[in-house]
Amino acid sequence: MKIILDRETNKPLYFQIFEQIRRQILSGELLPGYLLPPERKLAESLDVNRTTVLNAYRELKAEGLVGSQVGKGTIVLSYPDQEIKPDYILMQEPTWNQLFSQYSNKFDSYLVKDLLTLANRKDVISFATGIASPETGPIQVLRGIEQELVEKKNYRALLHTPTEGFTSLREAICNVMHKRGVYCDFEEVMLLSGSQQGIDLAARVILDPGDIVVVEDPSFFPAIQAFKTIGARVMGVPVDDQGMRIDLLEQLLQRYRPKLIYTVPTYQNPTGTEMALERRKKLIELAYRYKVLILEDDAYGDLCYDGYPLPLLKSMDNEGYVIYLSTFSKSVYPGLRLGWMTAHKKVVKRCSAVKQINDLHSNSLSQWIIERFIVSGEYEAHISKVIDEYRLRRNAMYDALMQFAPAGMSWNSPRGGYYIWCKLPEHVHASRLMVKAAEYKIVFVPGMPFFTSDQGENYIRLNFTYAPLQDIREGVKRLCQAVNDLVKGSGREERDKELEIIPIV
Ligand code: PMP
């Protein structure tokens with residue numbers, strides 16, 4: 001509610017207040033049920049006498065526009081019919097604050113949006129977003145598409161598919177899963193519009209408001225958001241260099257009886273860590289003992305740069321407790337928006353019922369492209385190529401950090417995936433570093449959004465797959481210069497700017 005008083009006119013102040021509130025009620029800006037501010041509060045904020053507001057409210061009551069409710073205060077009533085003036089109402093922009101749902105009020109994706117804008121600038125070296133390298137993308141997947149679609153009239157690729165996806169693609173994905181040690185049937189596989197959709201679907205079909213979800217702390221923050229917006233309570237279990245601390249998890253399971261454990265056990269986002277084999281086994285055992293489902297998010301599992309990948313949680317589960325997600329975003333193209341779920345048939349059925357009201361089915365053309373890619377054998381060959389390229393980039397980033405990082409900064413060497421997780425020197429805060437690094441035209445993601453509580457100021461996540469190999473050393477050098485500036489105290493003036501850049505997620 002906005003009121004501006006004109007103290008120069010002869011119009012009494014109470015009448016100005018009355019008139020302005022009246023106009024806002026009749027225009028629909030203040031909806032029925034809207035609680036007017038208490039008289040004293042409004043009087044204080046407008047710097048008028050309390051009786052001035054009292055008189056204004058009295059006039060509004062006399063017109064039947066507001067009423068008093070014991071214990072509540074003064075609320076806007078439904079409009080008297082004769083007062084509604086449609087032309088006037090149409091001229092107003094919708095009152096978004098009152099129209100947006102409680103559910104959508106819980107979303108805050110500014111951080112990602114701002115980073116994407118900055119990262120897309122040509123003069124900036126981006127270690128921020130977790131995007132596949134555009135140059136290593138398998139552009140050949142698009143070969144022959146026009147010919148097949150137009151000349152051979154392949155309408156199938158442009159019509160509807162079942163909600164779960166083309167059966168032939170689900171079968172092809174079963175073969176991919178076999179190679180990952182999971183023996184599933186096509187009915188246990190469904191296509192998703194990105195694996196992020198799978199997180200949302202799983203959350204919707206499993207969780208009710210108030211249910212508890214356990215996540216790694218830190219974890220992939222859009223997942224934390226997805227759980228929170230459903231009204232679930234999110235509890236974090238710390239991650240060390242062996243992945244989720246399963247010893248601490250057990251205490252939590254005993255005490256709180258959560259319904260779901262969300263984990264990225266392989267080359268985790270953001271820390272790049274890998275859950276040790278013993279912990280994987282123990283996690284499955286605990287899931288069975290406490291009857292809690294596991295959502296295994298395997299966005300990066302394909303991308304192992306040293307030795308052999310560890311077995312998937314899904315491959316260790318014979319009972320259907322693991323809901324497995326994977327994606328083509330990290331190894332093929334994120335814009336195809338294609339991922340998949342492998343889970344118990346009952347989970348797939350439920351998720352597809354929810355997906356149907358969301359987007360009907362995932363993009364048919366993308367499904368068709370990916371199916372050709374897998375069936376031709378090119379997908380597997382492509383993964384080996386990407387692994388070779390990303391290994392070089394990971395090494396380049398690691399070596400540059402060894403060369404340029406100031407004392408007090410530490411980082412890990414992930415065996416796969418997309419990210420190096422860095423701890424900053426003691427008094428260097430990620431939010432201040434973001435501002436300083438932007439001056440050097442470097443972007444990264446600060447640690448804070450990934451944590452379930454107020455932590456992470458000392459950490460940053462560096463993506464090594466997106467920036468071209470030749471830029472990585474220069475980018476790390478500049479980042480370390482920015483860290484050095486802050487270590488030396490020359491970045492003190494950045495403190496005031498930090499809040500503008502980092503919204504709380
Ligand atoms: N899970 C994790 C752990 C991720 O890092 C990402 C992408 N950053 C996703 C899921 C979502 O990927 P997609 O593009 O398949 O929705």
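Everything numeric in this text was worked out from a predicted model, so none of it was measured. Both ligands and their constituent atoms are indexed starting at 1 by order of listing. The figures that follow rest on heavy atoms only: side chains count, while hydrogens, waters and symmetry mates do not.
- Applying the ring pair (Phe, Tyr, Trp, His ring centres under 6.0 Å) test to pairs two or more places apart or on separate chains, those with a residue in residues 162-189 are His178-Tyr183.
- When the side chain to side chain donor-acceptor pair (under 3.5 Å) test is applied to Arg391, the partners found at least two apart in sequence or on another chain are Asp388.
- Side chains of Ser431 and Glu457: a donor-acceptor N/O pair is present below 3.5 angstrom, by distance only.
- Within the structure, the closest approach of Tyr300 to ligand 1 falls below 4.0 Å when heavy atoms are considered.
- Distances between N or O atoms of Tyr262 and those of ligand 1 include no value under 3.5 Å.
- Side chains of Arg415 and Thr266: a donor-acceptor N/O pair is absent below 3.5 angstrom, by distance only.
- Ion pair Arg473/Asp399 not flagged as a salt bridge, since none of the NZ, NE, NH1 or NH2 atoms sits closer than 4.0 Å to an Asp/Glu carboxylate oxygen.
- Taking only nitrogen or oxygen atoms, main chain and side chain alike, Tyr419 does not reach within less than 3.5 Å of ligand 1.
- Distances from ligand 1 to the non-hydrogen atoms of Gln197 include no value under 4.0 Å.
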Practice problem: Apply salt bridge (Lys or Arg N to Asp or Glu O under 4.0 Å) to the pair Arg478 and Glu474, showing each step before the final yes or no. | Solution: CA-CA 6 Å; Arg478 287 197 230 157; Glu474 173 62 22; 3.0 Å; yes
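- Not one N or O of Ser193 is nearer than 3.5 Å to an N or O of ligand 1, by distance alone.
- What sits closest to atom 3 (C) of ligand 1 on the protein, heavy atoms only, is Asp297 OD2, 3.4 Å.
- Shown in contact with Arg337 at under 4.0 Å from a heavy atom are these atoms of ligand 1, numbered in order with element: 13 (P), 14 (O), 16 (O).
- With a 4.0 Å heavy-atom cut-off, ligand 1 is reached by the side chain of Lys330 but not by its N, CA, C or O.
- Here the protein heavy atom with the shortest distance to atom 14 (O) of ligand 1 is Ser329 OG, 2.7 Å.
- The CZ atom of Arg394 sits 14.5 Å away from atom CG of Leu462, with the distance rounded to the nearest 0.5 Å.
- Among protein heavy atoms, the minimum distance from atom 6 (C) of ligand 1 is reached at Phe220 CZ, 3.4 Å.
- Residue contacts with ligand 1 do not include Gly339, since none of its heavy atoms lies under 4.0 Å from the ligand.
- Looking at every heavy atom in both residues, Ile460 comes nearest to Ala430 through CG2-CB, 3.9 Å.
- For ligand 1, the polar-atom distance check finds an N/O of Ser195 within less than 3.5 Å of one of the ligand's N/O atoms.
- Inspection of the Ser362 and Ser193 side chains reveals an N or O donor paired with an N or O acceptor under 3.5 Å.
- Remark: ligand 1 atoms within the under-4.0 Å shell around heavy atoms of Thr327 are 13 (P), 15 (O).
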